[in-house]
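Working notes, beginning with the structure itself.
Everything quoted here is computed from the prediction, not taken from an experiment.
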Amino acid sequence: RYCQVNVPDELLRDLLPGPVTLVLRRSEELNKDLNPFTSLVGVRIPNHPFMRDLARACSGPLALTSANISSQGSTLAVSEFQDLWPQLSLIIDGGPTGDIQSPECRLGSTVVDLSVSGKFSIIRPGCALTPTVEILKQKYGLVPESS
């Protein structure tokens with residue numbers, strides 16, 4: 001509804017829900033004020049029960065950002081970004097979003113651009129790079145887009 005999907009539904013099911021953000025062409029239905037200077041939008045369905053319940057309870061898409069300052073490691077628990085609380089309107093503690101002892105969980109999602117049919121481009125390696133690339137190349141025959 002909010003983006004133009006040009007990959008098989010099975011590919012979407014292989015990657016989502018999970019630690020992957022798919023970048024696709026935005027549809028006309030998506031609010032124009034959301035990332036107004038690009039024709040692309042990132043779509044993510046986390047594999048976290050609270051976030052999925054929250055998304056189901058909303059009538060439209062959720063525009064979210066990570067609870068950390070750019071270039072810093074991802075936070076996995078509410079207490080880890082207490083320094084940002086004064087700047088936020090709302091904080092909901094739905095529990096840790098990953099294993100707080102695992103350095104890999106702090107890499108954030110793997111961000112892959114699928115906006116060009118038959119190709120992919122890794123925007124951010126993230127925590128699921130190897131399995132994501134294997135799925136895209138081996139199972140679906142997509143080729144890396146040259147930089």
Side-chain angles (χ1 to χ4, degrees), residues 1-26 30-31 33-35 37-38 40-116 118-147:
R1 179 174 175 189
Y2 300 109
C3 59
Q4 299 170 12
V5 179
N6 60 346
V7 295
D9 286 349
E10 187 179 353
L11 184 152
L12 299 177
R13 286 190 293 274
D14 282 344
L15 296 177
L16 302 173
V20 179
T21 299
L22 304 179
V23 176
L24 301 160
R25 296 229 170 266
R26 64 188 298 137
L30 187 63
N31 184 323
D33 292 330
L34 183 64
N35 293 342
F37 304 110
T38 179
L40 305 175
V41 63
V43 176
R44 173 129 193 264
I45 302 172
N47 195 13
H48 187 274
F50 173 78
M51 287 306 302
R52 294 183 66 196
D53 288 345
L54 179 63
R56 282 186 199 101
C58 296
S59 61
L62 295 173
L64 302 172
T65 185
S66 299
N68 65 311
I69 296 171
S70 282
S71 78
Q72 292 184 355
S74 293
T75 59
L76 302 173
V78 169
S79 61
E80 294 178 345
F81 61 92
Q82 281 183 329
D83 55 326
L84 298 177
W85 289 7
Q87 301 168 48
L88 305 174
S89 300
L90 176 68
I91 301 158
I92 301 172
D93 187 352
T97 58
D99 178 357
I100 59 174
Q101 303 302 319
S102 169
E104 291 80 28
C105 284
R106 297 194 183 274
L107 295 175
S109 66
T110 295
V111 181
V112 59
D113 184 337
L114 294 175
S115 63
V116 177
K119 298 183 178 187
F120 72 93
S121 175
I122 301 298
I123 296 172
R124 179 175 71 191
C127 63
L129 178 64
T130 301
T132 299
V133 170
E134 285 177 6
I135 288 168
L136 296 173
K137 286 171 115 176
Q138 295 172 5
K139 188 168 182 181
Y140 294 98
L142 299 183
V143 294
E145 190 172 11
S146 54
S147 304

If we ignore hydrogens and angles and just use 3.5 Å, is the side chain of [X] paired with the main-chain N or O of [Y] as donor and acceptor?
X    : Y    : value
R44  : P17  : no
R124 : V111 : no
H48  : P96  : yes
R26  : N35  : yes
T110 : A128 : yes

Return the minimal non-hydrogen interatomic distance between [X] and [Y], and the atom names on each side.
X    : Y    : result
L24  : N6   : CD2-OD1, 4.0 Å
L34  : A63  : CD1-CB, 3.7 Å
Q82  : S79  : CG-O, 3.4 Å
V116 : D113 : N-OD1, 4.4 Å
S59  : Y2   : O-OH, 4.3 Å
C3   : V43  : SG-CG2, 3.9 Å

[X] versus [Y]: any side-chain heavy-atom pair under 4.5 Å?
X    : Y    : answer
L142 : K119 : no
L15  : L136 : yes
V23  : L114 : no
R52  : N47  : yes
T21  : V112 : no
V143 : K137 : no
L90  : I92  : yes
F120 : T132 : no

Reported [atom1]-to-[atom2] distance for the pair [X] and [Y], which is rounded to 0.5 angstrom:
X    : Y    : atom1 : atom2 : result
D99  : R106 : CG    : CZ    : 9.0 Å
E104 : S74  : CD    : OG    : 12.5 Å
D83  : T75  : CG    : OG1   : 9.5 Å
R13  : I45  : CZ    : CD1   : 11.5 Å
L129 : L107 : CG    : CG    : 10.0 Å
L16  : S109 : CG    : OG    : 10.0 Å

Regarding Y140 and D14, do their side chains bring together a donor and an acceptor under 3.5 Å, going by distance alone?
yes
E80 vs I100, test: side chain to side chain contact (heavy atoms under 4.5 Å, CB included). Steps then yes/no.
CA-CA 10 Å; E80 294 178 345; I100 59 174; 4.1 Å; yes
Go through the structure and list residues passing side-chain hydrogen bond (donor to acceptor under 3.5 Å, both in side chains) with E10, not counting sequence neighbours.
K139
